[in-house]
Amino acid sequence: MDLTLDKKLQGFQLVAQEKLCSILCSIPGKKELILEPDLIKPLEHVVTASWLKLKGIQRIYKHDAAQSLPRSADQVHIYMIRSVLGTFQTLLKQLQPVASEEMPDISMKMYHIVCVPSCYSYFQTLLEQAGLYGLVQLHHFNWDFIYFDQGVLSLELPNLYKCLYLQRNTSPLPSVAQSLRLLQMICGQPSLILSFGQHSSQLMQMVKTLGKLPSPTNPPDYGGWLVIDRDKDYPASLLTPAIYAGLLLEVFEQRSGEILVDNSKNKISSQRVELLQGKKPKTGVNSASKPCSIRLNSTSDEIYGDNRYKRFAQVSSLIHAQVKALGLELQKLNDMQLDEMHDYVARKLPKLTELKSKVLRHLNASEIVIQMMGNFRKLQTLEEDILNNDSRKRLLSEIDELLTTDGQRFNTLRLLCLLHHCVGVASEELQIFARNYCNLFGHQELGVFQQLSQAALLPPLVVEKKAPTKLLSNLPLPKFQQTEFQANANRLKLLTSSGDGQDGGSSSRNQASGLQSCPSFVFNGTYIPLVAQLCSILLKTNSAEELSSKLGMIEGLQLHLDSGKITPKAFASQLKVNGVADQDVFPLRLRNLFVFIVGGASYAEIAACDFVAKLTGAQITVASDSLMAGSDLIATAFNR
């Protein structure tokens, strides 16, 4: 990536610091900062503890919802929480008894609440209902995009998917629109914006409502934007990735750009039913070691940088080879003279020791991934059969078998959601699965199926009246109807198992041999993520008419130009009728693309876009409200 653009994207940190500085400096007195635990890690990407102390923060505490923090008479308490109704109400209940007793003078506001990223209007109403209006001051703080890695940005809003797709609550969208607007101010207005989905179109309309940008002094950094809803490509989240970075997120908890490698617990072991958690890690050095973290940044961790988008099987062998090479390098000390040894210890040994520490961390992580994923090939075969609708009855049977033998709370549901999205699941089939699922995990989980149906991941769980057998036998068999996924996958050539992938495609057998000739390598050669295919189309298209022929049949795609919102087909017709071919934005003059996924991005999508960028000589930045694995997507439906 170009150094100038990379530095600009890292500049979001400076903007966020100025925003937070203006809030803290507007509050007089001796200040103490109380942080919601989930905000600590993302805030570390914005400011340091020493920076906060320079701005007047004397102490920093972790907020405990069960216990209020005592305050001396001259101290000001600043609470920083997410803009979540439940969290806000809990904090108000905590402050209600102490704030009214301690402060007879309302002109001295000793309590402040900073809401991330927005302070909704009804928060003021709740403040008044709690009797704290005038005693507690509300603020809002949006840190915008956080730079995680080269070509990877995140807003770190993990509750956005739940709000938009499960609760149908669009209140977080304005803050996202403001962040996109800031990106336009920093990197310039692109010549083309392509949106796909209801929320994406609404988001771009909000950005437009914020007003025109001032006249640019520099050329734009991006030739085009692609904004897409998560529900337009669920398989890219639900399929199990085959790349290293993707599988790390499948197994380990991710905390704002870093994963916690713990030998005693991880995502997969914690979601298994207790009866099937019998296999514990063997006692030894590894199990006794303390949890360590791996930062998902190619600059700070060169081992991760070299292997992040490679296939896991390849990475595992590379790491083992690197461990052996380092061991041989350190053995050279035995054969050295004293003078050589002093020079070696002073110059090379510290770097080698640091590198060995990183390699061992990745070795430990890869071994845990292998242990937790179990029969990975069998799982990938099952997912490939789901994509190709191969023997539906057998697929349902295998998913039900996985439920009883593996007992994973989220990942088993994930397979059923993938089956419904690709093929469709009948209500009767869902009833049988839901009964088995609740018998295993408890009937309190029945509401999860209703939550997932809200996001169109499952059909509604309703009791259907059975028709008489004679009547059913006389009815004609229904004709096969393609699902929306099947129709779009065929039009955009997303399924590569039949050899119709990008540039002719490649079968999963070719991918298994290690050849990365298609973006589908991120899913072992079975599926091309939609964002990668759309990026490839935008970069290779030479005219609006060509774009119309490729995307004209896809409903929901909108081009956002200076003249307004228009479909690709209508845009091509307009240019043809008016005879103004010089107004055609294709081919893109600037081959830099910005991709934003509304509702969470996966590392498989990021790796596929990175592959397309290298293949076409372009630069693609992938951003989202959060980075998540498929199990994280399903976990949002659980009220915990």
Side-chain angles (χ1 to χ4, degrees), residues 1-16 144-147 149-155 176-196 200-201 203-228 531-532 534-544 546-547 551 557-566 568 571 575 580-598 601 606 609-610 612-614 616-624:
M1 180 175 287
D2 185 71
L3 184 62
T4 305
L5 178 56
D6 209 31
K7 289 293 182 184
K8 281 185 178 180
L9 297 178
Q10 293 180 46
F12 276 106
Q13 181 184 7
L14 299 176
V15 178
D144 300 305
F145 289 104
I146 294 177
Y147 180 90
D149 198 2
Q150 194 176 52
V152 183
L153 301 176
S154 175
L155 291 172
V176 180
Q178 288 171 358
S179 297
L180 290 173
R181 166 74 168 178
L182 180 61
L183 180 69
Q184 285 185 347
M185 294 176 70
I186 293 173
C187 296
Q189 175 78 29
S191 57
L192 162 76
I193 298 176
L194 179 66
S195 71
F196 190 20
S200 298
S201 181
L203 199 55
M204 297 322 300
Q205 196 63 35
M206 288 180 180
V207 174
K208 188 177 180 181
T209 308
L210 290 172
K212 288 187 177 181
L213 291 169
S215 300
T217 55
N218 297 315
D221 293 297
Y222 292 109
W225 280 18
L226 172 61
V227 186
I228 181 173
V531 287
L534 289 176
C535 284
S536 179
I537 290 171
L538 288 175
L539 290 167
K540 293 180 180 179
T541 297
N542 293 315
S543 65
E546 185 182 345
L547 184 76
L551 302 180
L557 280 169
Q558 298 282 346
L559 287 172
H560 300 261
L561 306 169
D562 293 336
S563 55
K565 185 170 64 173
I566 192 170
F571 178 60
L575 291 179
V580 283
D582 58 327
Q583 293 184 9
D584 196 343
V585 295
F586 295 100
L588 292 176
R589 278 70 174 174
L590 186 61
R591 300 179 66 76
N592 291 355
L593 293 181
F594 174 79
V595 177
F596 185 80
I597 303 171
V598 185
I606 296 169
C609 287
D610 180 74
V612 171
K614 289 176 180 176
T616 57
Q619 297 174 11
I620 300 176
T621 303
V622 181
S624 184

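This one's a predicted model, so the numbers in the text were calculated from it and none came from an experiment. Worth knowing before you read on, the calculation uses all heavy atoms, side chains too, and leaves out hydrogens, waters and symmetry mates. Counting from 1, the numbers follow the sequence of the chain as shown.
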Novice: Any non-hydrogen side-chain atom of Ile146 less than 4.5 Å from a side-chain atom of Leu155?
Specialist: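 Not touching, per the 4.5 Å side-chain cut-off.
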Novice: Classify the angle between the aromatic ring planes of Phe145 and Phe596 as parallel (below 30°), tilted (30 to 60°) or perpendicular (above 60°).
Specialist: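 Perpendicular.
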Novice: Counting distance only, does the side-chain N/O of Asp584 pair as donor-acceptor with the main-chain N or O of Ser543 below 3.5 Å?
Specialist: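 Flag not set: sc Asp584 to bb Ser543 has no pair under 3.5 Å.
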Novice: Report the C-alpha distance between Leu538 and Phe586 in whole Å, list the side-chain angles of each, state the deciding distance to 0.1 Å, and finish with yes or no for side chain to side chain contact (heavy atoms under 4.5 Å, CB included).
Specialist: CA-CA 8 Å; Leu538 288 175; Phe586 295 100; 4.0 Å; yes
Novice: Return the set of residues passing salt bridge (Lys or Arg N to Asp or Glu O under 4.0 Å) with Lys565 (not counting sequence neighbours), or none when no residue passes.
Specialist: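 Not a single residue meets the salt bridge (Lys or Arg N to Asp or Glu O under 4.0 Å) criterion with Lys565.
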Novice: Find the distance between CD1 (Ile228) and OG (Ser195) and round it off to the nearest 0.5 Å.
Specialist: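 That separation rounds to 10.0 Å.
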Novice: To the closest 0.5 Å, what do you measure between CD (Gln184) and OH (Tyr222)?
Specialist: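 Here the rounded value is 12.0 Å.
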Novice: State, to 0.1 Å, how close Leu203 and Ala177 come at their nearest heavy-atom pair, and which atoms those are.
Specialist: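 Closest approach of Leu203 to Ala177, heavy atoms only: CD1-N, 3.7 Å.
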Novice: Heavy atoms only: give me the nearest Met185-Leu213 pair and the separation to one decimal.
Specialist: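 So the minimum-distance heavy-atom pair works out to CG-CD2, 3.4 Å.
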Novice: Any donor and acceptor pair, going by atom type alone, linking the side chain of Thr541 with main-chain N or O of Glu546 inside 3.5 Å?
Specialist: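 Judged by distance alone, no pair lies under 3.5 Å.
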Novice: Strictly distance-based, threshold 3.5 Å: is any side-chain N or O of Arg591 a donor or acceptor partner for the main-chain N or O of Arg589?
Specialist: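 Absent.
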Novice: Between Pro220 and Gln189, which heavy-atom pair has the shortest distance, and what is it?
Specialist: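 Residues Pro220 and Gln189, closest heavy atoms: CB-O, 3.6 Å.
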Novice: Side chains of Thr4 and Lys8, heavy atoms from C-beta outward: is any pair under 4.5 Å?
Specialist: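 SC-SC contact between Thr4 and Lys8 confirmed.
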Novice: Where do Val622 and Cys609 come nearest, in terms of heavy atoms and distance?
Specialist: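 Shortest heavy-atom separation between Val622 and Cys609 comes out as CG2-CB, 3.8 Å.
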Novice: Kindly compute the distance separating CG (Leu539) from CG (Leu593), expressed to the nearest 0.5 Å.
Specialist: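 Going from the CG atom of Leu539 to the CG atom of Leu593 covers 4.5 Å.
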Novice: Are Val176 and Val598 side-chain neighbours, meaning at least one heavy-atom pair lies under 4.5 Å?
Specialist: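 No, side chains not in contact.
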Novice: Testing Leu194, Val612, Leu547, Leu226 one by one against Ile537 for a side-chain contact (heavy atoms from CB on, under 4.5 Å), which residue passes?
Specialist: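 Output: one option passes, namely Leu547.
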Novice: State, to 0.1 Å, how close Gly223 and Ser191 come at their nearest heavy-atom pair, and which atoms those are.
Specialist: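 Answer, listing the atom of Gly223 first, then Ser191: O-OG, 2.9 Å.
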Novice: Is any side-chain heavy atom of Cys187 closer than 4.5 Å to a side-chain heavy atom of Leu9?
Specialist: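 In contact.
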Novice: Applying side chain to side chain contact (heavy atoms under 4.5 Å, CB included) to Gln178 and Leu182, what does each step give before you reach the verdict?
Specialist: CA-CA 6 Å; Gln178 288 171 358; Leu182 180 61; over 6 Å; no
Novice: Pair Val595, Thr621 - check side chain to side chain contact (heavy atoms under 4.5 Å, CB included), show working.
Specialist: CA-CA 6 Å; Val595 177; Thr621 303; over 6 Å; no
Novice: Mark yes or no for whether Arg181, through its side chain, and Met206, through its backbone, hold a donor-acceptor pair below 3.5 Å.
Specialist: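 No, the answer is negative, given that no donor and acceptor are paired below the 3.5 Å cut-off.
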Novice: Please check if the side chain of Asp144 supplies one atom and the backbone of Phe12 the other of a donor-acceptor pair under 3.5 Å.
Specialist: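 Judged by distance alone, no pair lies under 3.5 Å.
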Novice: State, with a plain yes or no, whether a side-chain heavy atom of Ile620 is found less than 4.5 Å away from one of Ile606.
Specialist: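 The answer is no, as the side chains (C-beta and beyond) never meet within the 4.5 Å cut-off.
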Novice: Tell me, with the steps shown, if Ile186 and Asp221 meet side chain to side chain contact (heavy atoms under 4.5 Å, CB included).
Specialist: CA-CA 9 Å; Ile186 293 173; Asp221 293 297; 6.0 Å; no
Novice: To check you understand the geometry: which heavy-atom pair defines the closest contact between Leu559 and Pro568, and what is its length?
Specialist: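 In this case the closest contact between Leu559 and Pro568 is CD1-CA, 3.8 Å.
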